[in-house]
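Just below is one structure, and these are the notes that go with it.
Both counts, for ligands and for their atoms, begin at 1 and track the order of listing. All heavy atoms count here, side chains included; hydrogens, waters and symmetry mates do not.
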Amino acid sequence: MSSESYDVVVVGAGPAGLMAAGAAGAAGARVLLLEKNPEPGRKLLISGGGRCNFTNAETDMHRLVSRYDTAGKALFSPFARMGPAQVLEFFSSLGMPYKIEDNKRAFPRSDKSSSVLQVLLHYIEKGNVKLRTRTTVRGLHHDSGRVQGLHLNDHDINAESIVVATGGLARPDTGSTGDGFSWLEQVGHSIVRPEPSLVPVVVAEDWVSDLQGLAFADIRISLRLGDKTVSKTDGKVLFTHFGLSGPGILNLATRMSQAAAEARRIGGPAPSICLNFFPSLDGGSLDRRLQDELNAFPRRLLRTILESMLPPRLARRVLVEALASTGTSNEITASEVPKQLRKRIVTLMQDFRLTYRELQSEDWAVVSSGGVPTDEVDFRSMESKRIAGLFVCGDMLNINRPSGGYSLQICWATGYVAGLSAAAAAAAARNASGG
Ligand SMILES: Cc1cc2nc3c(=O)[nH]c(=O)nc-3n(C[C@H](O)[C@H](O)[C@H](O)COP(=O)(O)OP(=O)(O)OC[C@H]3O[C@@H](n4cnc5c(N)ncnc54)[C@H](O)[C@@H]3O)c2cc1C
(Lines give C-alpha, C1' and ligand atoms only; values in the text may rest on other atoms or scores of the structure.)
Protein backbone atom coordinates (compact mmCIF):
# COMPACT_ATOMS: atom_id res chain seq x y z
CA MET A 1 0.00 0.00 0.00
CA SER A 2 2.88 2.36 0.82
CA SER A 3 5.38 3.70 -1.63
CA GLU A 4 7.51 5.48 0.97
CA SER A 5 9.89 4.21 3.58
CA TYR A 6 12.14 6.01 6.11
CA ASP A 7 14.41 5.15 9.01
CA VAL A 8 12.76 7.74 11.24
CA VAL A 9 9.51 9.66 10.82
CA VAL A 10 8.94 12.56 13.22
CA VAL A 11 5.38 13.85 13.61
CA GLY A 12 5.06 17.54 14.51
CA ALA A 13 7.49 20.31 13.58
CA GLY A 14 7.40 22.18 16.87
CA PRO A 15 10.58 22.67 18.93
CA ALA A 16 10.67 19.05 20.16
CA GLY A 17 10.03 17.55 16.71
CA LEU A 18 12.53 19.83 14.95
CA MET A 19 15.21 18.96 17.51
CA ALA A 20 14.41 15.23 17.25
CA ALA A 21 14.48 15.27 13.44
CA GLY A 22 17.77 17.22 13.37
CA ALA A 23 19.43 14.88 15.87
CA ALA A 24 18.27 11.76 13.99
CA GLY A 25 19.50 13.27 10.71
CA ALA A 26 22.87 14.19 12.27
CA ALA A 27 23.17 10.56 13.38
CA GLY A 28 22.87 9.46 9.75
CA ALA A 29 19.24 8.33 9.60
CA ARG A 30 16.94 9.00 6.63
CA VAL A 31 14.39 11.25 8.28
CA LEU A 32 10.96 12.56 7.30
CA LEU A 33 9.40 15.34 9.41
CA LEU A 34 5.64 15.80 9.01
CA GLU A 35 3.74 18.94 9.99
CA LYS A 36 0.07 19.66 9.43
CA ASN A 37 0.45 23.47 9.42
CA PRO A 38 1.66 25.27 6.31
CA GLU A 39 4.86 26.15 8.20
CA PRO A 40 6.89 24.72 11.11
CA GLY A 41 7.21 26.14 14.62
CA ARG A 42 4.02 28.19 14.88
CA LYS A 43 3.88 28.02 18.69
CA LEU A 44 7.63 28.55 18.98
CA LEU A 45 7.25 31.84 17.13
CA ILE A 46 4.76 33.24 19.65
CA SER A 47 6.78 31.98 22.63
CA GLY A 48 7.94 34.52 25.19
CA GLY A 49 5.81 37.23 23.59
CA GLY A 50 7.69 36.70 20.31
CA ARG A 51 11.10 36.91 22.06
CA CYS A 52 11.31 33.22 23.04
CA ASN A 53 12.71 32.47 26.46
CA PHE A 54 14.37 29.38 24.99
CA THR A 55 15.88 27.89 28.15
CA ASN A 56 16.66 28.61 31.77
CA ALA A 57 20.39 28.88 32.40
CA GLU A 58 20.25 27.07 35.75
CA THR A 59 23.45 25.08 35.93
CA ASP A 60 22.80 23.35 39.25
CA MET A 61 21.15 20.13 38.08
CA HIS A 62 19.40 19.40 41.37
CA ARG A 63 17.93 22.89 41.53
CA LEU A 64 16.92 22.63 37.86
CA VAL A 65 15.05 19.33 38.15
CA SER A 66 13.36 20.50 41.37
CA ARG A 67 11.43 22.99 39.22
CA TYR A 68 9.61 20.07 37.56
CA ASP A 69 7.81 18.66 40.61
CA THR A 70 7.68 14.90 40.89
CA ALA A 71 8.62 14.40 37.21
CA GLY A 72 11.99 16.04 37.81
CA LYS A 73 13.69 12.73 38.65
CA ALA A 74 12.97 11.39 35.17
CA LEU A 75 14.64 14.42 33.58
CA PHE A 76 18.11 13.81 35.07
CA SER A 77 19.01 11.52 32.20
CA PRO A 78 17.96 13.71 29.20
CA PHE A 79 19.29 16.83 30.94
CA ALA A 80 22.67 15.14 31.40
CA ARG A 81 22.88 14.97 27.59
CA MET A 82 21.14 18.23 26.63
CA GLY A 83 20.95 20.40 29.74
CA PRO A 84 20.83 24.20 29.68
CA ALA A 85 24.61 24.52 29.17
CA GLN A 86 24.48 22.27 26.10
CA VAL A 87 21.38 24.07 24.81
CA LEU A 88 23.14 27.45 25.03
CA GLU A 89 26.18 25.95 23.31
CA PHE A 90 23.99 24.31 20.63
CA PHE A 91 22.29 27.57 19.63
CA SER A 92 25.38 29.77 19.83
CA SER A 93 27.50 27.31 17.84
CA LEU A 94 24.85 27.41 15.10
CA GLY A 95 25.08 31.18 14.90
CA MET A 96 22.57 32.49 17.45
CA PRO A 97 24.04 34.79 20.11
CA TYR A 98 22.00 34.86 23.31
CA LYS A 99 21.60 36.87 26.50
CA ILE A 100 20.59 35.92 30.03
CA GLU A 101 17.99 38.07 31.76
CA ASP A 102 16.55 38.01 35.30
CA ASN A 103 15.83 34.63 36.88
CA LYS A 104 18.34 33.05 34.46
CA ARG A 105 15.94 33.31 31.53
CA ALA A 106 17.81 32.93 28.22
CA PHE A 107 16.70 34.81 25.08
CA PRO A 108 18.17 35.18 21.60
CA ARG A 109 20.16 38.42 21.51
CA SER A 110 17.97 39.52 18.59
CA ASP A 111 14.90 39.35 20.88
CA LYS A 112 13.24 37.39 18.09
CA SER A 113 11.90 33.86 18.34
CA SER A 114 12.45 33.58 14.58
CA SER A 115 16.22 33.39 15.36
CA VAL A 116 15.58 30.18 17.34
CA LEU A 117 13.51 28.72 14.50
CA GLN A 118 16.19 29.64 11.95
CA VAL A 119 18.77 27.60 13.89
CA LEU A 120 16.47 24.58 13.97
CA LEU A 121 15.69 24.82 10.25
CA HIS A 122 19.40 25.02 9.54
CA TYR A 123 19.98 21.99 11.81
CA ILE A 124 17.42 19.81 9.99
CA GLU A 125 18.74 20.93 6.63
CA LYS A 126 22.28 19.88 7.64
CA GLY A 127 20.91 16.49 8.63
CA ASN A 128 19.14 16.12 5.22
CA VAL A 129 15.77 15.88 6.91
CA LYS A 130 12.85 15.98 4.52
CA LEU A 131 10.26 18.43 5.88
CA ARG A 132 6.74 18.02 4.58
CA THR A 133 4.18 20.61 5.71
CA ARG A 134 0.37 20.66 5.19
CA THR A 135 0.43 16.95 5.99
CA THR A 136 -1.82 15.61 8.73
CA VAL A 137 -0.97 12.26 10.28
CA ARG A 138 -4.09 10.22 11.08
CA GLY A 139 -2.66 7.41 13.19
CA LEU A 140 0.04 4.82 13.80
CA HIS A 141 0.43 1.45 12.20
CA HIS A 142 1.86 -1.26 14.45
CA ASP A 143 2.22 -4.99 14.57
CA SER A 144 3.44 -7.49 17.20
CA GLY A 145 4.35 -4.76 19.71
CA ARG A 146 6.39 -2.72 17.22
CA VAL A 147 5.57 0.37 15.15
CA GLN A 148 5.56 -0.19 11.42
CA GLY A 149 4.58 3.19 10.04
CA LEU A 150 1.80 5.73 9.98
CA HIS A 151 -1.37 6.65 8.16
CA LEU A 152 -1.86 9.83 6.20
CA ASN A 153 -5.11 10.80 4.45
CA ASP A 154 -4.33 9.10 1.17
CA HIS A 155 -1.49 6.68 1.83
CA ASP A 156 0.71 5.03 4.47
CA ILE A 157 4.40 5.56 5.20
CA ASN A 158 6.71 2.85 6.52
CA ALA A 159 9.20 3.69 9.25
CA GLU A 160 11.57 1.75 11.49
CA SER A 161 11.15 4.38 14.24
CA ILE A 162 8.50 7.02 14.86
CA VAL A 163 8.89 10.08 17.07
CA VAL A 164 5.57 11.58 18.17
CA ALA A 165 6.01 15.29 18.94
CA THR A 166 2.49 16.63 18.40
CA GLY A 167 2.50 18.82 21.54
CA GLY A 168 -0.06 19.23 24.31
CA LEU A 169 -3.43 20.93 24.22
CA ALA A 170 -2.57 24.56 24.96
CA ARG A 171 -3.34 27.11 22.22
CA PRO A 172 -4.92 24.67 19.74
CA ASP A 173 -4.90 27.44 17.11
CA THR A 174 -1.14 26.78 16.72
CA GLY A 175 -1.78 23.15 15.73
CA SER A 176 -1.48 21.50 19.17
CA THR A 177 -4.82 19.74 19.19
CA GLY A 178 -3.77 16.67 21.15
CA ASP A 179 -3.78 14.31 18.12
CA GLY A 180 -0.89 12.21 19.43
CA PHE A 181 -2.65 11.43 22.72
CA SER A 182 -5.34 9.30 21.06
CA TRP A 183 -2.75 7.37 19.01
CA LEU A 184 -0.78 6.61 22.17
CA GLU A 185 -3.93 5.57 24.01
CA GLN A 186 -4.64 3.11 21.21
CA VAL A 187 -1.27 1.42 21.74
CA GLY A 188 -1.80 1.04 25.48
CA HIS A 189 -0.65 4.29 27.10
CA SER A 190 -2.79 5.81 29.85
CA ILE A 191 -3.06 9.52 29.09
CA VAL A 192 -3.53 11.87 32.05
CA ARG A 193 -6.34 14.19 30.92
CA PRO A 194 -4.73 17.44 29.71
CA GLU A 195 -5.90 20.63 31.47
CA PRO A 196 -4.74 24.21 30.90
CA SER A 197 -1.78 24.67 33.26
CA LEU A 198 0.18 27.89 32.81
CA VAL A 199 -2.95 29.88 32.11
CA PRO A 200 -4.49 33.27 33.01
CA VAL A 201 -7.32 33.37 35.56
CA VAL A 202 -10.80 34.85 35.40
CA VAL A 203 -11.92 36.83 38.47
CA ALA A 204 -15.42 37.58 39.75
CA GLU A 205 -15.10 41.39 39.88
CA ASP A 206 -16.43 42.97 36.66
CA TRP A 207 -14.59 46.24 37.33
CA VAL A 208 -11.27 44.45 36.69
CA SER A 209 -11.72 45.34 33.00
CA ASP A 210 -11.12 49.02 33.97
CA LEU A 211 -7.57 47.97 34.89
CA GLN A 212 -6.89 46.07 31.64
CA GLY A 213 -3.32 46.55 30.41
CA LEU A 214 -1.77 47.55 33.75
CA ALA A 215 1.43 45.57 34.34
CA PHE A 216 3.53 45.25 37.50
CA ALA A 217 7.11 44.01 37.36
CA ASP A 218 7.53 42.25 40.67
CA ILE A 219 4.69 42.25 43.15
CA ARG A 220 3.69 39.73 45.80
CA ILE A 221 0.78 37.42 45.02
CA SER A 222 -0.87 35.48 47.84
CA LEU A 223 -3.60 32.92 47.42
CA ARG A 224 -5.96 32.83 50.37
CA LEU A 225 -8.61 30.31 51.26
CA GLY A 226 -10.68 31.76 54.11
CA ASP A 227 -8.12 33.00 56.66
CA LYS A 228 -5.36 30.72 55.41
CA THR A 229 -2.63 31.70 52.94
CA VAL A 230 -2.20 28.57 50.83
CA SER A 231 0.45 29.87 48.45
CA LYS A 232 2.61 32.92 47.95
CA THR A 233 5.00 34.06 45.24
CA ASP A 234 6.60 37.20 43.80
CA GLY A 235 6.27 37.82 40.08
CA LYS A 236 4.98 39.83 37.17
CA VAL A 237 1.25 40.48 36.99
CA LEU A 238 -0.79 41.80 34.09
CA PHE A 239 -4.42 42.92 34.37
CA THR A 240 -6.63 41.76 31.50
CA HIS A 241 -10.26 42.45 30.61
CA PHE A 242 -11.31 39.23 32.38
CA GLY A 243 -8.84 39.02 35.26
CA LEU A 244 -5.14 38.42 35.72
CA SER A 245 -2.24 37.11 33.68
CA GLY A 246 1.58 37.40 33.64
CA PRO A 247 4.17 34.83 34.77
CA GLY A 248 3.44 35.28 38.51
CA ILE A 249 -0.23 34.42 37.97
CA LEU A 250 0.40 31.63 35.42
CA ASN A 251 2.71 29.89 37.88
CA LEU A 252 0.01 29.91 40.58
CA ALA A 253 -2.90 29.05 38.28
CA THR A 254 -3.00 25.30 38.95
CA ARG A 255 -2.75 25.93 42.71
CA MET A 256 -5.67 28.38 42.40
CA SER A 257 -7.90 25.87 40.66
CA GLN A 258 -6.99 23.25 43.32
CA ALA A 259 -7.87 25.74 46.09
CA ALA A 260 -11.19 26.48 44.37
CA ALA A 261 -11.97 22.75 44.23
CA GLU A 262 -11.15 22.51 47.94
CA ALA A 263 -13.43 25.52 48.68
CA ARG A 264 -16.29 23.86 46.79
CA ARG A 265 -15.71 20.60 48.65
CA ILE A 266 -15.97 22.25 52.07
CA GLY A 267 -18.74 24.64 50.96
CA GLY A 268 -16.56 27.71 51.69
CA PRO A 269 -16.12 30.96 49.76
CA ALA A 270 -13.99 31.04 46.58
CA PRO A 271 -10.24 31.70 47.05
CA SER A 272 -8.96 35.30 47.06
CA ILE A 273 -6.00 36.48 45.05
CA CYS A 274 -4.28 39.16 47.13
CA LEU A 275 -1.83 41.57 45.51
CA ASN A 276 0.80 43.51 47.42
CA PHE A 277 1.96 46.41 45.24
CA PHE A 278 4.68 47.38 47.75
CA PRO A 279 6.27 44.04 48.75
CA SER A 280 9.54 45.59 49.91
CA LEU A 281 7.83 47.81 52.54
CA ASP A 282 6.18 46.68 55.76
CA GLY A 283 2.77 48.16 56.59
CA GLY A 284 4.25 50.73 59.00
CA SER A 285 6.74 52.08 56.44
CA LEU A 286 4.09 52.37 53.73
CA ASP A 287 1.78 54.15 56.17
CA ARG A 288 4.56 56.64 57.03
CA ARG A 289 5.21 57.21 53.33
CA LEU A 290 1.53 57.96 52.70
CA GLN A 291 1.40 60.16 55.80
CA ASP A 292 4.44 62.15 54.57
CA GLU A 293 2.74 62.72 51.21
CA LEU A 294 -0.50 63.84 52.87
CA ASN A 295 1.39 66.22 55.19
CA ALA A 296 3.51 67.65 52.39
CA PHE A 297 0.50 68.53 50.20
CA PRO A 298 -2.44 69.18 52.57
CA ARG A 299 -4.62 70.94 49.99
CA ARG A 300 -4.16 68.36 47.27
CA LEU A 301 -6.96 65.91 46.52
CA LEU A 302 -6.35 62.49 48.09
CA ARG A 303 -6.97 61.04 44.62
CA THR A 304 -4.05 63.05 43.19
CA ILE A 305 -1.73 61.86 45.95
CA LEU A 306 -2.66 58.23 45.37
CA GLU A 307 -2.12 58.72 41.64
CA SER A 308 1.47 59.69 42.43
CA MET A 309 2.00 56.39 44.28
CA LEU A 310 0.13 53.98 41.98
CA PRO A 311 -0.86 53.91 38.29
CA PRO A 312 -3.83 56.35 38.07
CA ARG A 313 -6.47 53.73 37.15
CA LEU A 314 -5.43 51.50 40.03
CA ALA A 315 -5.29 54.50 42.39
CA ARG A 316 -8.89 55.38 41.48
CA ARG A 317 -10.01 51.77 42.15
CA VAL A 318 -8.19 51.74 45.51
CA LEU A 319 -10.00 54.97 46.40
CA VAL A 320 -13.40 53.56 45.38
CA GLU A 321 -12.77 50.48 47.56
CA ALA A 322 -11.46 52.56 50.49
CA LEU A 323 -14.42 54.94 50.43
CA ALA A 324 -17.06 52.22 49.84
CA SER A 325 -19.89 52.52 52.35
CA THR A 326 -18.19 55.43 54.20
CA GLY A 327 -20.31 58.13 52.51
CA THR A 328 -17.13 60.21 52.07
CA SER A 329 -16.78 62.21 48.83
CA ASN A 330 -13.93 61.22 46.56
CA GLU A 331 -13.09 64.95 46.37
CA ILE A 332 -11.63 64.69 49.89
CA THR A 333 -8.34 66.64 50.34
CA ALA A 334 -5.18 65.33 52.01
CA SER A 335 -5.68 67.32 55.20
CA GLU A 336 -9.19 65.83 55.63
CA VAL A 337 -8.09 62.18 55.58
CA PRO A 338 -8.88 60.48 58.91
CA LYS A 339 -6.45 57.91 60.30
CA GLN A 340 -8.89 55.05 59.72
CA LEU A 341 -9.21 55.88 56.01
CA ARG A 342 -5.45 56.19 55.67
CA LYS A 343 -4.96 52.75 57.28
CA ARG A 344 -7.61 51.28 54.99
CA ILE A 345 -5.78 52.65 51.93
CA VAL A 346 -2.48 51.18 53.12
CA THR A 347 -4.17 47.81 53.57
CA LEU A 348 -5.61 47.98 50.05
CA MET A 349 -2.21 48.83 48.56
CA GLN A 350 -0.71 45.75 50.19
CA ASP A 351 -3.68 43.40 50.22
CA PHE A 352 -5.70 44.21 47.11
CA ARG A 353 -8.18 41.35 46.77
CA LEU A 354 -9.79 39.75 43.77
CA THR A 355 -12.02 36.69 43.82
CA TYR A 356 -10.91 33.66 41.79
CA ARG A 357 -13.64 32.41 39.44
CA GLU A 358 -11.98 29.95 37.02
CA LEU A 359 -8.99 29.25 34.80
CA GLN A 360 -9.15 30.60 31.28
CA SER A 361 -9.61 27.96 28.55
CA GLU A 362 -6.77 26.14 26.77
CA ASP A 363 -7.03 28.79 24.02
CA TRP A 364 -5.15 31.04 26.46
CA ALA A 365 -2.81 28.50 28.03
CA VAL A 366 0.98 28.53 27.64
CA VAL A 367 1.12 24.81 28.39
CA SER A 368 -1.32 22.13 29.44
CA SER A 369 -0.78 19.71 32.27
CA GLY A 370 -1.39 16.02 31.69
CA GLY A 371 -0.29 13.80 28.82
CA VAL A 372 1.84 10.67 28.76
CA PRO A 373 2.81 9.57 32.31
CA THR A 374 6.57 9.71 32.82
CA ASP A 375 6.72 6.11 34.09
CA GLU A 376 5.41 4.85 30.74
CA VAL A 377 8.47 6.18 28.89
CA ASP A 378 12.12 5.16 29.24
CA PHE A 379 13.78 8.56 29.73
CA ARG A 380 17.21 7.18 28.80
CA SER A 381 15.96 6.83 25.23
CA MET A 382 12.48 8.48 25.28
CA GLU A 383 11.12 5.20 23.90
CA SER A 384 7.64 4.11 24.85
CA LYS A 385 7.53 1.23 27.35
CA ARG A 386 4.36 -0.01 25.63
CA ILE A 387 5.51 -0.38 22.05
CA ALA A 388 8.94 -0.72 20.47
CA GLY A 389 10.21 1.83 17.97
CA LEU A 390 7.89 4.58 19.26
CA PHE A 391 9.47 7.68 20.86
CA VAL A 392 7.72 10.54 22.67
CA CYS A 393 8.98 14.03 23.49
CA GLY A 394 8.15 17.65 24.34
CA ASP A 395 4.77 18.87 25.55
CA MET A 396 3.24 15.41 25.11
CA LEU A 397 4.80 14.38 28.41
CA ASN A 398 2.98 14.82 31.71
CA ILE A 399 5.48 17.17 33.36
CA ASN A 400 4.48 20.22 35.38
CA ARG A 401 6.80 23.22 35.20
CA PRO A 402 6.77 26.93 35.89
CA SER A 403 7.28 29.62 33.25
CA GLY A 404 10.84 30.83 32.69
CA GLY A 405 12.24 28.74 29.82
CA TYR A 406 11.59 25.40 31.55
CA SER A 407 9.11 24.16 28.91
CA LEU A 408 11.39 24.58 25.93
CA GLN A 409 14.26 23.06 27.93
CA ILE A 410 12.17 19.86 28.13
CA CYS A 411 11.57 20.00 24.37
CA TRP A 412 15.27 20.33 23.48
CA ALA A 413 16.43 17.60 25.88
CA THR A 414 13.71 15.02 25.24
CA GLY A 415 13.64 15.81 21.49
CA TYR A 416 17.40 15.39 21.20
CA VAL A 417 17.44 12.07 23.07
CA ALA A 418 14.36 10.80 21.16
CA GLY A 419 15.96 11.67 17.81
CA LEU A 420 19.28 9.98 18.57
CA SER A 421 17.59 6.88 20.03
CA ALA A 422 15.14 6.63 17.12
CA ALA A 423 18.06 6.73 14.68
CA ALA A 424 19.97 4.07 16.65
CA ALA A 425 16.88 1.83 16.90
CA ALA A 426 16.27 2.16 13.15
CA ALA A 427 19.89 1.23 12.40
CA ALA A 428 19.65 -1.78 14.71
CA ALA A 429 16.38 -2.92 13.10
CA ARG A 430 17.89 -2.52 9.62
CA ASN A 431 20.96 -4.55 10.62
CA ALA A 432 18.82 -7.25 12.19
CA SER A 433 16.81 -7.62 8.98
CA GLY A 434 19.99 -7.56 6.92
CA GLY A 435 18.89 -4.30 5.23
C1 LIG B 1 1.91 32.05 24.19
C2 LIG B 1 2.98 31.07 24.57
C3 LIG B 1 4.21 31.51 25.03
C4 LIG B 1 5.17 30.59 25.43
N5 LIG B 1 6.39 31.06 25.83
C6 LIG B 1 7.35 30.18 26.23
C7 LIG B 1 8.64 30.63 26.60
O8 LIG B 1 8.98 31.81 26.49
N9 LIG B 1 9.54 29.70 27.07
C10 LIG B 1 9.23 28.36 27.15
O11 LIG B 1 10.07 27.57 27.59
N12 LIG B 1 8.03 27.90 26.73
C13 LIG B 1 7.09 28.77 26.27
N14 LIG B 1 5.88 28.31 25.83
C15 LIG B 1 5.67 26.84 25.79
C16 LIG B 1 6.37 26.25 24.54
O17 LIG B 1 6.04 27.01 23.40
C18 LIG B 1 5.93 24.81 24.37
O19 LIG B 1 6.36 24.09 25.50
C20 LIG B 1 6.53 24.17 23.11
O21 LIG B 1 6.14 24.85 21.93
C22 LIG B 1 6.11 22.71 22.97
O23 LIG B 1 6.78 22.18 21.88
P24 LIG B 1 6.37 20.79 21.22
O25 LIG B 1 7.27 20.62 20.06
O26 LIG B 1 6.28 19.73 22.24
O27 LIG B 1 4.87 21.03 20.71
P28 LIG B 1 4.22 22.15 19.76
O29 LIG B 1 5.02 23.40 19.74
O30 LIG B 1 2.81 22.22 20.21
O31 LIG B 1 4.33 21.51 18.32
C32 LIG B 1 3.54 20.40 17.93
C33 LIG B 1 3.44 20.41 16.42
O34 LIG B 1 2.80 19.22 15.98
C35 LIG B 1 1.93 19.53 14.91
N36 LIG B 1 0.91 18.49 14.83
C37 LIG B 1 -0.04 18.21 15.75
N38 LIG B 1 -0.81 17.18 15.34
C39 LIG B 1 -0.34 16.81 14.12
C40 LIG B 1 -0.74 15.82 13.18
N41 LIG B 1 -1.79 15.00 13.39
N42 LIG B 1 -0.03 15.69 12.03
C43 LIG B 1 1.03 16.52 11.77
N44 LIG B 1 1.44 17.49 12.61
C45 LIG B 1 0.76 17.63 13.79
C46 LIG B 1 1.37 20.88 15.30
O47 LIG B 1 0.82 21.57 14.20
C48 LIG B 1 2.59 21.57 15.90
O49 LIG B 1 3.31 22.30 14.93
C50 LIG B 1 4.91 29.20 25.38
C51 LIG B 1 3.68 28.75 24.90
C52 LIG B 1 2.72 29.68 24.49
C53 LIG B 1 1.40 29.18 23.96
Side-chain angles (χ1 to χ4, degrees), residues 9-21 32-57 67-68 84 87 101 103-108 111 113 116-117 120 131-140 150-153 157 162-183 194 196-200 245-247 250 360 362-369 371-372 382 392-397 399-416 418-419:
V9 178
V10 180
V11 190
L18 285 160
M19 179 58 101
L32 176 67
L33 172 57
L34 298 173
E35 168 56 51
K36 67 178 173 184
N37 284 333
E39 68 292 313
R42 207 176 254 185
K43 188 179 281 178
L44 179 65
L45 288 175
I46 60 165
S47 289
R51 294 204 305 134
C52 191
N53 172 198
F54 70 99
T55 188
N56 189 284
R67 307 308 304 268
Y68 296 91
V87 168
E101 297 193 356
N103 298 316
K104 304 189 182 177
R105 293 175 308 142
F107 291 88
D111 274 332
S113 47
V116 177
L117 182 59
L120 295 165
L131 168 63
R132 196 176 295 165
T133 56
R134 298 179 198 271
T135 306
T136 302
V137 172
R138 296 295 177 199
L140 304 177
L150 34 79
H151 307 297
L152 304 185
N153 275 339
I157 295 180
I162 293 177
V163 180
V164 182
T166 48
L169 256 183
R171 288 290 301 260
D173 58 316
T174 62
S176 330
T177 43
D179 301 13
F181 293 136
S182 52
W183 311 335
S197 167
L198 293 177
V199 64
S245 185
L250 303 187
Q360 261 294 6
E362 64 254 19
D363 293 352
W364 292 79
V366 172
V367 295
S368 49
S369 64
V372 184
M382 300 315 299
V392 189
C393 55
D395 270 10
M396 296 213 58
L397 298 158
I399 301 176
N400 279 331
R401 66 274 192 177
S403 73
Y406 298 99
S407 295
L408 285 170
Q409 176 53 42
I410 298 179
C411 296
W412 312 134
T414 59
Y416 179 72

Give the numbers and elements of all ligand 1 atoms closer than 4.0 Å to a heavy atom of [X].
{"X": "Thr135", "value": "42 (N), 43 (C)"}
{"X": "Arg171", "value": "53 (C)"}
{"X": "Ala16", "value": "25 (O), 26 (O)"}
{"X": "Thr136", "value": "41 (N), 42 (N)"}
{"X": "Ser176", "value": "30 (O)"}
{"X": "Gly14", "value": "25 (O), 29 (O), 31 (O), 33 (C)"}
{"X": "Asp179", "value": "38 (N), 39 (C), 40 (C), 41 (N)"}
{"X": "Gly394", "value": "26 (O)"}

Judged by non-hydrogen atoms, does [X] sit under 4.0 Å from ligand 1?
{"X": "Thr55", "result": "no"}
{"X": "Ala170", "result": "no"}
{"X": "Trp183", "result": "yes"}

- Task: Quick one: look at Ala365 and ligand 1, take heavy-atom pairs under 4.0 Å, and tell me if it's side chain, backbone, both or neither.
- Result: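 Backbone only.
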- Task: Record the part of Ala165 in heavy-atom contact with ligand 1 below 4.0 Å; permitted values are side chain, backbone, both and neither.
- Result: backbone
- Got more than 12 heavy atoms from elsewhere within 6.0 Å of OH, Tyr416? no
- Item | Residue from Ser245, Ser197, Pro196 passing side-chain contact (heavy atoms from CB on, under 4.5 Å) with Leu250 |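 Considering Ser245, Ser197, Pro196, a side-chain contact (heavy atoms from CB on, under 4.5 Å) with Leu250 is found only for Ser245.
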- Query: Asn37 side chain to Thr174 main-chain N or O, any donor-acceptor pair under 3.5 Å?
  - Reply: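 A pair under 3.5 Å: yes.
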- Item | Heavy-atom donor-acceptor pair, Asn53 side chain to Gly405 backbone, under 3.5 Å |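 The answer is yes, because a donor-acceptor pair under 3.5 Å joins these two groups.
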If you have a sec, work out which protein heavy atom is nearest [atom] and how many Å separate them, to one decimal?
{"atom": "atom 1 (C) of ligand 1", "result": "Ile46 CD1, 3.9 Å"}
{"atom": "atom 9 (N) of ligand 1", "result": "Asn53 O, 2.9 Å"}
{"atom": "atom 48 (C) of ligand 1", "result": "Glu35 OE1, 3.5 Å"}
{"atom": "atom 18 (C) of ligand 1", "result": "Asp395 OD2, 3.3 Å"}
{"atom": "atom 50 (C) of ligand 1", "result": "Val366 CG1, 3.2 Å"}
{"atom": "atom 34 (O) of ligand 1", "result": "Gly12 CA, 3.2 Å"}
{"atom": "atom 5 (N) of ligand 1", "result": "Gly48 N, 2.8 Å"}
{"atom": "atom 45 (C) of ligand 1", "result": "Lys36 CG, 3.8 Å"}

Contact (N/O only, under 3.5 Å) between [X] and ligand 1:
{"X": "Ser47", "answer": "yes"}
{"X": "Pro15", "answer": "yes"}
{"X": "Val137", "answer": "yes"}

- Can you name the one residue among Arg171, Arg42, Lys43, Glu362 that meets side chain to side chain donor-acceptor pair (under 3.5 Å) with Ser176?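 When Arg171, Arg42, Lys43, Glu362 are each tested with Ser176, the side chain to side chain donor-acceptor pair (under 3.5 Å) holds only for Lys43.
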